Each structure stands twice: as C-alpha cells, then as structure tokens.
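Written out below as structure tokens is the structure these notes cover.
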Amino acid sequence: MKIRLYNSLTNRLEEFRPLTPGKVLMYHCGPTVYSSPHIGNFRAFLLADLLRRFLEDQGFDVKQVMNITDVGHMTDDDEDQGEDKLQAEARKQKVDPWKIARMYEDEFRDCLDKLDFVMPHALPRATDYIGQMCAMIDTLLEKGYAYQVNGNVYFDISKFPEYGKLSNKVLDELEEGARVEVNTEKRDPRDFALWKVDDKHLMQWDAGFRDGVRGFPGWHIECSAMSGDLLGEQIDIHTGGEDNMFPHHECEIAQSEACTGKPFVGTWLHVKHLMVDGEKMSKSKGNFYTVSDIFGKGYSGHELRYALMRVQYRQSMNFTLASLNEARTAIARVNEARKRLARIAAGVEAGGADDLAARSETAETAFVGALCDDLNTSGALAAVFAFVTEVNKAAPDADGAKRALAAFDRFDRVLGVFGPTPEVGVDSVPQELLELLERRQAARAAKDFATADACRDEISRAGYQVVDTPEGPRLERV
RNA sequence: GGUGGCGUAGCCAAGUGGUUAGGCAAUGGAUUGCAAAUCCAUGAACGCGGGUUCGAUUCCCGCCGCCACCUCCA
C-alpha cells in the first residue's frame, strides 16, 4: 500500500518514496540533555519510533539515527549575552557540564527503555562529532558560504537564496519583524553561527578548520554533521518538533546543501506541540510533566505511549491525566480479548468453529491503511478496537485464535502500546491458591458467601483475580 | 503583521458529498450470590451565516472563536 506523508517542505501529502527503493534513512532531532525529558519531548520522539516500526512492518530496511545534543545552545541563541543551557544548569547544580549532560542522557535512555522504544541504530552525541563539524565548516569557508570574524564563523545567508524554503519565511519580512540585533559582526542579522569563540565557555575544542580559533560549535551544525557522517549526504526523512522548523532545520538545510550541492532531506515531518490541560505546558502553570513524573504517578510506559499516540502527530493534542486512565482501560480491553484467544489457542478454553481469517485480514488492512494515511494513529486504533469487538463476539477454533493473535501481535509491533500476548499458563498458580479456590467453591455451594468472598480477597491479595465462568472459576494473574 | 492548523455528541477523537468510525464515561438488559470480564440494546454530533448541489458535517465564500510557529523550547 502507498504510504503518504505530509512533507513540511512542500506542505503537501506526498507518496513516500525513498531514494533507494526498499531502504530508508531517517534522522531525528533528539533531546538536548540539560534537563529531564518531558512528555512533550516524547510526543516527538514517539513519532520517530512509530515511523521506524511502521516502515519496518511495511518491509523497508530502515536505518535510524537520533542525536543527543550535549553541547551548547545559547539561551539567547546566537547572541553574545546568552548562556549555554548546559552551562547554566551546570552552574546551578555546581557540577561540570559534562556531568550534567551524562546525567540527563542516562535519564533519557531510561525513558526510551521504559516507553518500549525500538532502539535507534545510533544515538550519537554532538560532542563526539566536533571533528566532522569542523570539516564541514572548513568546506563552507572554502566554498564561500561562511566567513570568519574574530574567530567566530557565520553562515552567509546571502549565498543561499533558498533559505526559508522549509518554513516559508520570506526574508524581507523576517528582517522587518526581527528584534534589534546587537551582533555587529554579522554581515546580515539572519546569518547564523557555525562556530563561536568565548573564553568563559566551559566546553572548548580546538578548531579543526583553517585559521580556526579554539571555541565551540554553533547550534545547528551538529545535526548536519552527524546526519552526513552516519547516513550520508542525502536522507529520506528528518523529523523534529514543529518549533525546530525555524530556524534550526532551515539552517541545517542551508549548511548541508551548501556543502554537498544536493538536496538534504526528502521528507520533513514536524510534530505539533503537546498542550496540557488546554494550555502550553509550563512550570509556572503547574502543568509541566516529565516522563518520570508520570511513572511516579503509577502509570506505565505503555499507558503513556497510548495516551500520546492516540492523536495523530500533526494534530494539536491536549494531554490530561484523565487520558492516562482511559489508556489503562482501553489497553486492558485489548488484552482481555487477547487472553481469551490465547486460552483457546492453548486448548485450555473451549472455542468454536470460526477461523477468523477474513476478519483478521480485514482488520490488518484497515490498520495499515490508516497508518499509510500520514500515520493516522487514531484510525489505526479504531481498527484495532473494531477487531476486538469482532473477536469477542466470535467463537474461534484454535487456529482462528492463533490467526487473530498474530494480528494483535502485529498491531503491537507497530504501535508498541499493548505489550506481548498475555501469559495464560495455569501451571504457575501456587498450590495454596488453588486450594483456596476450592474452599471458595465449597462455600459458594453452601451459600456461605462471606467465606467465599474472604477466600477471593485472600487470592486477590496474592496477586490473582478470580474469574467465574460457566465452566467454573479460573485464576488470572493481575 | 507573516506562516501553518483547528472548531464533530458528556470528554477525547477519525472520517465521508447521500450508507455504523473508535476509545473513555452514561443508561437499560443478558450472564451472575456479589464482583470482574464479555455480549445485546440506547441516546447524543458535525462553531455561525451564506453559496454550489436532487442532497453538505464533508466542496466554495464570509464571519466568530481557539491554537501553534515567527524568540530558547520536541
């Protein structure tokens, strides 16, 4: 089936066609590791993970890179008065910036793990690519796209007329609307830094380009350098939050294309920012949630994934804690259906004669069709739940149950929100619980419901739920 | 001011020129000692005003309201 994606570069839905048929090269703007990752960050990262999983489901050989920015964006971008965010945090916590970076990188990786990410093939750190950045700067200087002033290197926007093609910024308007620039070194206020020199900066490197002065890289060059080094001059997909579109991605395009003379990215995908309780998430409003906050409230990675993925990435989305509870219930509904199928498949529960083949295929087709339509996760989930209802109504035979389970496994491989098929083994139930269950049955037969309920409570305290069925009671691990 | 987007039932959220989205919640029923799960049934919708059309929530125009980006931010 044709995959259609909304390309921010053209502002159109386009059929996705990678440069090399069957192979996809993807780059994602990852975290800047100067604070704990929050749920908004993860809405963007989840798009990357969903793409990876879905493209692989569709048979593509995917190579995926997500960067970790562990060096300096200016709090005030290119302006001299700004302070590197990592450095600012380091000063606040009174430790060196490298420690800050590693600490938050560890937390980020832990979140990836808890949210069940398929690990990108590379998670490069910007600081490991200073050499490549310098090489790029060298090329840009050589080709006349960049100039040096007092050791600082700037990209010369006037040499790249296509600047603005991604964000549709008209340069004249930008100029008018811009606030007063204090940097008199730049030939044009819109020129951006490739390399900065500042004695006070704590992270410094020798400049590996001609006439280079010791300093540190500008914000935008890292992505161009890492993408070029790990994926090559041209890639198929580049993702990030909508805020990255300008100026960050615009600058990436300018640098990369100036260097190579080739189109940098085929499809740009930008994730809409997450709202919380109807407003922009902010610390002062008290609606600011880190991923760890959510875990601290007792929700699982799958529940958070579900809550963040219910809405298609390009739609504005309002996050609430209530949506996590809905996620919990919804996931349980799917897994209840899978449990029953698993029991039938294993022969521990009587089935019927349905083979579920046609319905499973219909469901998978609907699921894939929704995702092919610009990753419409809402539609994909609707397909899953419609299938749940059909499965619950049906009386499948063992093979039919297996077929349906395969469909659910596929849904989960792509979405990653349901987890593996629940275990249905009965042999693992401790003997004393089985005895308790028998006592409960005896009490029920004698209409001694107080005793029966006491038995059930005890079983429940041991982590099992009693499920009464026409064939008798059954124990399930909670 | 520039750019992009949104307004669908109690909440969230798909989609379509005429035929059931889906989730959560609610109500009635089946099952049940109770509970859980499941099934059946029920109600409720397309911001406002025009236009095109046999027919518009779905296309066009206008209006109102909301949001994001344009500045560090995913």
Side-chain angles (χ1 to χ4, degrees), chain A residues 6 8 11 28-32 34-35 37-48 73-79 82-85 88 164 167-170 172-174 176-179 219 239-248 250 270-275 278-282 306-307 310-320 322-323 325-337 339-340 366 370 373 376-389 391-393 443-445 447-450 452-453 456-457 460 465-470 474 476 478:
Chain A
Y6 187 88
S8 307
N11 285 321
H28 315 289
C29 282
T32 302
Y34 69 102
S35 65
H38 62 253
I39 56 175
N41 295 320
F42 267 80
R43 163 124 114 138
F45 303 152
L46 277 168
L47 169 69
H73 300 185
M74 290 296 153
T75 48
D76 203 12
D77 199 18
D78 289 338
E79 304 314 319
E83 186 178 15
D84 180 309
K85 283 183 290 190
S167 53
N168 296 318
K169 301 289 177 210
V170 179
D172 298 351
E173 285 164 356
L174 259 186
E176 279 173 36
R179 49 191 182 148
W219 169 31
T239 75
E242 59 177 343
D243 56 294
N244 282 152
M245 190 147 78
F246 185 90
H248 183 54
E250 205 71 72
H270 288 97
V271 182
K272 262 279 205 190
H273 273 183
L274 184 70
M275 307 285 286
E279 295 180 304
K280 190 165 175 170
M281 182 164 59
S282 75
Y306 184 100
R310 305 176 2 237
V311 181
Q312 192 235 18
Y313 74 96
R314 213 152 50 78
Q315 301 299 321
S316 60
M317 172 182 172
N318 185 31
F319 176 89
T320 60
S323 72
N325 294 325
E326 291 180 16
R328 176 170 295 178
T329 313
I331 292 169
R333 176 168 164 78
V334 172
N335 283 331
E336 279 301 327
K339 273 191 246 178
R340 172 167 166 266
D373 182 18
N376 183 352
T377 44
S378 300
L381 282 169
V384 172
F385 283 99
F387 187 52
V388 166
T389 301
V391 159
N392 283 339
K393 271 197 253 195
R444 289 178 78 203
K447 304 262 187 227
D448 179 4
F449 297 118
D453 288 347
R456 185 168 64 191
D457 288 346
S460 141
Q465 188 194 3
V466 178
V467 181
D468 288 319
T469 75
R474 174 176 82 227
E476 273 183 25
V478 177

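Heavy-atom basis, side chains included; hydrogens, waters and symmetry copies ignored. For clarity, every value in this text was computed on a predicted model and none was experimentally measured. Lettering follows sequence order; numbering is per chain, from 1.
Which of rG4(B), rG23(B), rC34(B) sits closest to the side chain of Asn11(A) comes down to rG4(B). Listed nucleotides rC73(B), rG22(B), rA68(B) differ in distance to Met275(A); the shortest reach to its side chain belongs to rA68(B). Checking rC34(B), rA36(B), rA68(B) against every side-chain atom of His273(A), the shortest atom distance belongs to rA68(B). The side chain of Lys272(A) sits closest to rC67(B) out of rC67(B), rC40(B), rC24(B).
Pairing partner, rU58(B): none, since no Watson-Crick or wobble contact has both distances short of 3.5 Å. Under the Watson-Crick or G-U wobble criterion, with both distances below 3.5 Å, rA21(B) has no partner in any strand shown. Applying the Watson-Crick and G-U wobble criteria (two distances, each under 3.5 Å), rG15(B) pairs with nothing in any strand. Using Watson-Crick or G-U wobble geometry with both donor-acceptor distances under 3.5 Å, rU27(B) finds its partner in rA41(B).
Between the side chain of Asn318(A) and the base of rC66(B) there is no donor-acceptor pair of N/O atoms closer than 3.5 Å.
Here, rC59(B) and rG18(B) have their P atoms 11 Å apart, quoted to the whole Å. If you take atom P in rG50(B) and the same atom in rA25(B), they sit 40 Å apart, rounded to whole Å. For the P atom pair drawn from rA13(B) and rG17(B), the interatomic distance equals 22 Å after rounding to whole Å. To the nearest whole angstrom, the two C1' atoms, one in rU42(B) and one in rC34(B), are 26 Å apart.
Arg314(A) comes within 4.0 angstrom of no nucleic acid atom, judged by non-hydrogen atoms across all strands. The residue Phe449(A) sits close to a base: some heavy atom pair falls under 4.0 Å. Base contact: Gly40(A) has a heavy atom under 4.0 Å from a base atom.
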